[in-house]
2 protein chains.
Amino acid sequence: MQAAEKVFAEAGFGGATMQLIADMAGLPKANLHYYFPTKEDLYRRVVQDIFEIWLHAADSMDQAPGPIEGIGAYIQAKMDISRRHPNGSKVWAFEVMHRAPVIQDYLETTLRAWTTGRVRLIERWIAEGKMAPVDPEHLLYMLWATTQHYADFGHQIETLNAGPLSDADWQKATDSVKTMILRGIGAL
Amino acid sequence: MQAAEKVFAEAGFGGATMQLIADMAGLPKANLHYYFPTKEDLYRRVVQDIFEIWLHAADSMDQAPGPIEGIGAYIQAKMDISRRHPNGSKVWAFEVMHRAPVIQDYLETTLRAWTTGRVRLIERWIAEGKMAPVDPEHLLYMLWATTQHYADFGHQIETLNAGPLSDADWQKATDSVKTMILRGIGAL
DNA sequence: AATTTTCTTGACCGGTTGGTCAGGCTGTGG
DNA sequence: CCACAGCCTGACCAACCGGTCAAGAAAATT
């Protein structure tokens with residue numbers, strides 16, 4: 001699964017080869033096909049895994065008393081995921097850009113339900129005067145975009161940074177995102 | 001070029017085929033190879049085109065008196081590009097996720113020079129007290145991430161939106177991004 | 001009109017891909 | 001020891017890929 005995640009992330013579904021995944025995992029290609037009959041089966045598993053991780057990242061948001069804690073924790077969680085699972089994030093991006101041929105049903109069921117739930121949470125915070133009256137959906141898009149950017153466009157960031165991001169760099173990035181967004185929604 | 005942009009965007013470099021691009025453009029494959037000897041030549045042209053468009057989008061930022069006008073105009077320009085050239089944006093995303101095998105030199109020369117120029121501009125605005133002391137580079141990342149998200153993840157947004165975005169939807173998206181970011185950097 | 005250059009195209013080729021399959025290997029229960 | 005089920009794998013195949021090429025069509029030049 002780790003090898004598959006990496007290869008799919010770096011080459012996309014079309015560019016990835018079962019041979020390369022097998023080599024990277026130290027298996028004969030035929031053995032890989034024993035467990036995952038088709039390339040699409042393997043790919044689907046990788047996409048579903050990262051989706052599960054993302055869903056759990058929102059748990060911290062739910063029982064928070066307000067946006068400072070809730071959205072702050074969500075940013076923290078998603079930045080951590082971007083750092084630790086950059087490949088999974090990339091595979092998800094590939095899939096969505098591909099018009100989600102494999103996980104369209106997930107988008108329409110699970111993700112939509114998740115989204116409307118958080119939209120209602122944000123609307124409550126707005127009604128309680130805990131943050132400015134921003135559009136909740138576009139706030140969610142901004143949260144996804146900004147945090148996932150550090151995974152999906154990590155290569156671009158590393159090039160501009162002249163090297164991989166250090167612990168301090170990640171801390172600074174997370175703090176910057178938190179500060180700008182929380183101030184942006186009038187929560188600070 | 002239009003056909004190539006679309007096919008590369010929807011399948012990535014590895015998944016795209018010259019045959020499909022040729023068919024979509026209404027040409028025999030051999031004729032396509034007459035103008036673009038290799039698949040990589042065609043791909044490079046597509047990536048360079050969107051990069052040029054993005055560079056020009058920053059013109060409005062340069063002669064602005066302050067962040068409200070400058071960054072506001074930049075957000076407007078990049079949102080317009082996301083709407084009109086979603087495929088180009090996706091190809092760029094594919095390329096960067098691929099660790100930029102084709103345009104790494106652009107990242108290291110043109111993009112790096114462009115970035116340091118804007119960083120200095122933002123630092124001047126901060127020194128002049130026109131905005132809060134945010135980290136300029138992470139602000140740029142946030143601008144790129146948020147605006148390009150509407151192109152790269154357009155399919156996800158349309159799914160949650162239950163259909164394509166209308167003129168009013170795009171207006172609302174642009175306003176939301178502008179408001180949240182400008183307030184986030186203390187310019188409002 | 002003749003000639004030269006540019007463009008267009010169907011047929012073709014070596015190499016690679018996802019996937020198959022027959023047969024060997026391993027471990028467990030009797 | 002045997003038998004049997006699940007696991008493993010080298011060799012193989014049809015399909016498809018990027019790219020070539022020779023020969024013809026069109027356009028430009030003389």
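Proteins come first, then strands; the chains are lettered A, B, ... in the order of their sequence lines, and each starts at number 1. Every heavy atom of this structure was used, including side-chain atoms; hydrogens, water molecules and symmetry mates were not.
- Considering CZ of B:R183 and CG of A:L182, their distance stands at 12.0 Å, rounded to 0.5 Å.
- Aromatic pair A:F8/A:F94: ring centres not closer than 6.0 Å.
- Every residue was checked against the ring-ring contact (aromatic ring centres under 6.0 Å, His included) condition with A:W125, not counting sequence neighbours, and none meets it.
- With hydrogens and angles disregarded, no donor-acceptor distance shorter than 3.5 Å links the side chain of B:S89 to the backbone of B:S82.
- Using a 4.0 Å cutoff on non-hydrogen atoms, the parts of residues 21-45 of chain A near DNA chain D are A:P28, A:A30, A:N31, A:Y34, A:Y35, ordered by number.
- For B:E5 and B:H85, the side-chain atoms include no donor-acceptor pair closer than 3.5 Å.
- For the side-chain contact (heavy atoms from CB on, under 4.5 Å) test with A:H155, the passing option among B:H98, B:E95, B:R99 is B:R99; the others fail.
- Shown for residues 5-14 of chain B: no residue has heavy atoms falling under 4.0 angstrom of DNA chain C.
- First and last contacts of DNA chain C with chain A, using any nucleotide atom under 4.0 Å from a protein heavy atom and ordered 5' to 3', fall at C:dT17 to C:dC21.
- A:M97 and B:I81 are assigned to two separate hydrophobic clusters, defined by single-linkage of ILVMFWY side chains at heavy-atom distances under 4.5 Å.
- In this structure, A:K172 and A:L165 have side chains that are not in contact, with every pair of non-hydrogen atoms separated by 4.5 Å or more.
- For A:H138, the ring-ring contact (aromatic ring centres under 6.0 Å, His included) criterion is met by A:Y141, B:Y150, not counting sequence neighbours.
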Quiz: residues 11-23 of chain A side-chain donor-acceptor pairs under 3.5 angstrom, not counting sequence neighbours:
unit_1: A:T17; atom_1: OG1; unit_2: A:L20; atom_2: N; d: 3.0
unit_1: A:Q19; atom_1: NE2; unit_2: A:D23; atom_2: OD1; d: 3.1

